[in-house]
Amino acid sequence: MEITAPRGVRDILPGETEKWRFVEGVAYNLAKRYNYREIIIPIFEHTELFSRGIGEATDIVSKEMYTFEDRGGRSLTLRPEATASIVRAYLEHHFEQKPQPQKFYFFGPMFRYERPQAGRYRQFWQIDFEALGSPDPLLDVEVIALAWDLMFSLGIKNLEIQINSIGCPKCKEGYKIALKEYLADKLNLLCEDCQRRYETNVLRILDCKRESCRSIVEGAPKITDYLCADCKNHFEEVKEGLDLLSLPYILNPYLVRGLDYYTRTTFEIISYKLGAQNALCGGGRYDLLAFEIGGSMVPGVGFAAGLERIVMVLEEEGLLQDTEKGIDIFIVSIGEEAKKQAFKLLHILRREGISADMDYTNKNLKAQMKIANQKKAAKVLIIGEDELSVGMVKIRDMDSGKQEEVSLSDVLSYLRRWKK
RNA sequence: GUGAACGUAGCUCAAGUGGUUAGAGCACCAGGCUGUGGACCUGGGGGUUGGGGGUUCGAGUCCCCUCGUUCACCCCA
């Protein structure tokens, strides 16, 4: 059997996990500051939740889900994103009975069957913020401000907030018709993909990357000109709110996101330091999602941020240093009896809150010292037959190389003093 | 799912147009120093050249298949 992880998934090894915990910690603190409370959702859900919520025709549902049948014949799916689950949890546990909005924070892995590439994996980690129960445009602004604050708190530069409004289903339909009319006589100028999109999902033509399509799109009608009065007003208030907080943003009338549930506000924060997969986070408003999955009408707005991509940018910009920390004490022993005493002392130190370790491979003194050095131990305790016979322990400072003797009974108080 | 590039030691990489027993640095282990880390010196262990098939007297090198990695498309975090 070949010993490898499946395609598109990877281990996060010691040395990397510290970086992940750092990012997660920043997000967790922000959640507290903005009053988003942590929720932990299941890894899998009924397949129907996603097919109805995200949309049957989306790429995620039509070709990217890890779906399986359990022993009871139920169709289950590894979550490809968190929003639908959080809305489901909100409805299931009757959060509409509580003061609105209810705000949630989540951190965990997602699963999508895609071809891996830079910044894209089959199991990837997301930080998720969702605010449910209010249509207030200032809540959209809060969510965008939170996303921006997350990047700012991590120290990430060279970013851009892009926002757009794709309106409600009514304005969207009107716009689609107008867009199709505009494109009708230019179909043969579009790329193959876009000719297909003309039938399947005309909005996606807007963010095609081909130069030829882009130039055609430039002359196309803009969705923001087709918003109904309510949606237009909502969008204006979002922009005002962003200005109020002096958040820099760029209007991108071609920002169309690939999940069906979005209404009105959509936004992304992109980095210039990444490759093709440059969205560090993305989100928007989804006022119809709760209804679509069979609940009452619960407006919501939120975003997801990709851990892998954030860590990539942090590495790129050199914002992640000094993750390797040493231990306080390494105990070196010589001889069977000394090893037992060392082991006992090790346990006592650890119970004292001192990080400590010893050798378990019966290395000689020199080799043990070498290990202590590699583990970046601040001090080494040396216990040999000689020391044991007089009840002493040698304590070596690994920076200065200075060494002193302390009686076994005083070691603890010596180290307590040193730790302070 | 489509396209391209690439797979040699734990890691980073060598091995003119096919030609002895596939090398080096780092890492690891041991010794120099039999009770003292980092530096240095010496030695050692490690490889089915991703896997399978083919061409050839002979394949790490050429051909086919397959798996994997990377990047891009599609799409997304």
Side-chain angles (χ1 to χ4, degrees), chain A residues 2-10 23 54 57-64 79-83 107-129 147 150 191-194 196-197 200-201 204 207-210 255-259 262 266 268-271 274-283 302-313 326 330 332-335 338 359 361 363-388 394-403:
Chain A
E2 227 186 322
I3 306 176
T4 55
R7 181 164 211 197
V9 308
R10 60 185 207 122
V23 176
I54 298 170
T58 60
D59 279 19
I60 290 181
V61 172
S62 64
K63 59 184 194 192
E64 295 174 3
R79 61 184 182 214
E81 59 116 39
T83 309
F107 168 72
M110 305 297 164
F111 306 86
R112 291 182 203 171
Y113 187 86
E114 295 184 271
R115 193 89 164 248
Q117 84 185 60
R120 181 160 74 194
Y121 303 91
R122 288 182 172 180
Q123 174 178 340
F124 59 101
W125 294 69
Q126 284 191 335
I127 293 168
D128 228 84
F129 290 88
L150 176 61
C191 70
E192 248 178 73
D193 284 332
C194 284
R196 177 176 49 78
R197 289 179 188 129
T200 58
N201 191 350
R204 294 233 63 96
D207 62 0
C208 182
K209 284 168 188 166
R210 283 173 203 270
L255 180 63
V256 181
R257 298 181 51 76
L259 285 68
Y262 284 114
T266 58
E268 281 183 4
I269 296 181
I270 63 167
S271 165
L274 292 178
Q277 312 304 321
N278 62 358
L280 285 181
C281 65
F303 75 92
L307 251 288
E308 286 83 357
R309 293 181 191 179
I310 287 174
V311 171
M312 280 168 84
V313 173
F330 193 87
V332 162
S333 64
I334 308 135
D359 170 62
T361 58
K363 288 188 197 305
N364 61 31
L365 174 64
K366 182 186 157 86
Q368 290 184 55
M369 289 300 294
K370 200 170 173 182
I371 298 298
N373 187 51
Q374 287 171 344
K375 308 250 185 220
K376 296 195 174 104
K379 288 183 186 296
V380 168
L381 303 192
I382 301 166
I383 306 175
E385 262 99 40
D386 299 351
E387 287 80 6
L388 219 50
K394 286 206 175 80
I395 302 182
R396 181 183 180 87
D397 185 275
M398 292 298 275
D399 280 333
S400 65
K402 282 184 188 149
Q403 203 160 294

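Atom set for the values below is all heavy atoms of this structure, side chains included, hydrogens, waters and symmetry mates excluded. Convention: sequence-line order gives letters A, B, ...; per-chain numbering from 1.
Using a 4.5 Å cut-off on side-chain heavy atoms (C-beta onward), A/Gln403 and A/Ile382 make contact. In this structure, the side chains of A/Val256 and A/Thr266 stay at 4.5 Å or more apart for every pair of heavy atoms.
Nearest to the side chain of A/Arg396, among B/rG37, B/rG31, B/rG35, sits B/rG37. For A/Lys394, the side-chain atoms get nearest to B/rG35 when compared with the rest of B/rA77, B/rG35, B/rA72. Nearest to the side-chain atoms of A/Glu114 among the listed nucleotides B/rA77, B/rU36, B/rG35 stands B/rA77. Here the nucleotide nearest the side chain of A/Lys363, chosen from B/rC29, B/rG37, B/rG35, is B/rC29. Nearest nucleotide to the A/Glu387 side chain, out of B/rG35, B/rG38, B/rA77: B/rG35. Relative to the side chain of A/Leu259, the nucleotides B/rC33, B/rA77, B/rA72 differ in distance, and B/rA77 lies closest.
Atom pair A/Glu64:CD and B/rC75:P shows a separation of 10 Å (rounding to whole Å applied). One can place NZ of A/Lys370 at 17 Å from C1' of B/rG35, the figure rounded to the nearest angstrom. The interatomic distance linking A/Lys376 (NZ) with B/rG37 (C1') rounds to 14 Å, in whole Å. The CG atom of A/Asp359 sits 15 Å away from the P atom of B/rC28 (whole-angstrom rounding). A straight line from CE of A/Met369 to C1' of B/rA39 spans 15 Å, rounded to a whole angstrom. For the pair A/Ile334 CD1 and B/rG37 C1', the computed distance is 14 Å after rounding to whole Å. As rounded to whole Å, 9 Å separates atom P of B/rG3 from atom CZ of A/Arg115. In this structure, A/Asp386 atom CG and B/rG35 atom P are separated by 10 Å, rounded to whole Å.
Each of A/Ala377 and A/Arg204 was matched to the nucleotide of RNA chain B holding its nearest heavy atom; the match closer to the 5' end belongs to A/Ala377. Closest-nucleotide positions on RNA chain B for A/Tyr262 and A/Gln117 were compared, and the one nearer the 5' end corresponds to A/Gln117.
Under the 3.5 Å distance criterion, the side-chain polar atoms of A/Arg309 are left unmatched by any main-chain donor or acceptor of A/Leu280. The closest donor-acceptor contact from the side chain of A/Gln123 to the backbone of A/Gly8 lies at 3.5 Å or more, if one exists at all. Put simply, the side chain of A/Arg112 gets close to the backbone of A/Pro80: a donor and an acceptor are under 3.5 Å apart. No side-chain donor-acceptor contact under 3.5 Å links A/Arg7 to the backbone of A/Arg115.
Nearest heavy-atom pair across A/Ser333 and A/Gln368 is O-NE2, 2.9 Å.
The structure places NZ of A/Lys394 at 12.5 Å from CG of A/Leu381, a figure rounded to the nearest 0.5 Å.
Here A/Gln123 lies out of heavy-atom contact (under 4.0 Å) with every strand. Among the protein residues, A/Ala279 comes within range of the sugar-phosphate backbone only, with heavy atoms under 4.0 Å from sugar or phosphate atoms but none that close to a base. Counting any heavy atom pair closer than 4.0 Å across all strands shown, A/Glu268 reaches no nucleic acid atom. Looking at heavy-atom distances under 4.0 Å, A/Lys366 makes contact with a base. When heavy atoms are screened at a 4.0 angstrom cut-off, A/Gln374 is found touching the sugar-phosphate backbone but no base atom. Looking at heavy-atom distances under 4.0 Å, A/Leu307 makes no contact with the nucleic acid at all. Heavy atoms of A/Gly8 sit under 4.0 angstrom from primed sugar atoms or phosphate atoms, though from no base atom. Within the 4.0 angstrom heavy-atom criterion, no nucleotide atom of any strand lies near A/Phe303.
Using atom P as the reference point in both B/rU8 and B/rU36, the two lie 42 Å apart (nearest Å). The gap from the P atom of B/rG18 to that of B/rC57 amounts to 15 Å, rounded to the nearest Å. When the C1' atom is compared between B/rG19 and B/rC64, the two are found 24 Å apart, to the nearest whole Å. Between the C1' atoms of B/rC28 and B/rA9, the separation comes to 12 Å (whole Å). B/rU42 and B/rC26: their P atoms are spaced 11 Å apart (whole Å). Atom name P, nucleotides B/rG51 and B/rA59: the rounded distance is 15 Å, in whole Å. On the P atoms, B/rC11 is 12 Å away from B/rU48, given to the nearest whole Å. For the P atoms, the distance from B/rC6 to B/rA15 is 15 Å, rounded to whole Å.
Between A/Phe303 and A/Phe129, the ring planes lie parallel to each other; the angle is under 30°, not in the 30° to 60° tilted range.
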Q. So what's the dot-bracket for RNA chain B: Watson-Crick or G-U pairs under 3.5 Å, [ ] if a pair crosses, | if it pairs off-strand?
A. (((((((..((((.....[...)))).(((((.......))))).....(((((..]....))))))))))))....
Q: With side chain to side chain contact (heavy atoms under 4.5 Å, CB included) as the test, would you mind laying out the steps for A/Lys363 and A/Lys370 before giving the verdict?
A: CA-CA 10 Å; A/Lys363 288 188 197 305; A/Lys370 200 170 173 182; over 6 Å; no
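Residue ring and nucleobase are stacked for A/Phe124 and B/rA77, with a centre distance beneath 5.5 angstrom and an angle between planes beneath 30°.
A donor-acceptor contact under 3.5 Å is not formed by the side chain of A/Arg112 with the base of B/rC75. Side-chain N/O atoms of A/Gln368 and base N/O atoms of B/rU36 include no donor-acceptor pair closer than 3.5 Å.
The phosphate of B/rU69 (OP1 or OP2) has a side-chain N or O of A/Arg7 nearer than 4.0 angstrom. Listed pair A/Asn373 / B/rU36 fails the phosphate criterion, with no side-chain N or O lying under 4.0 Å from OP1 or OP2.
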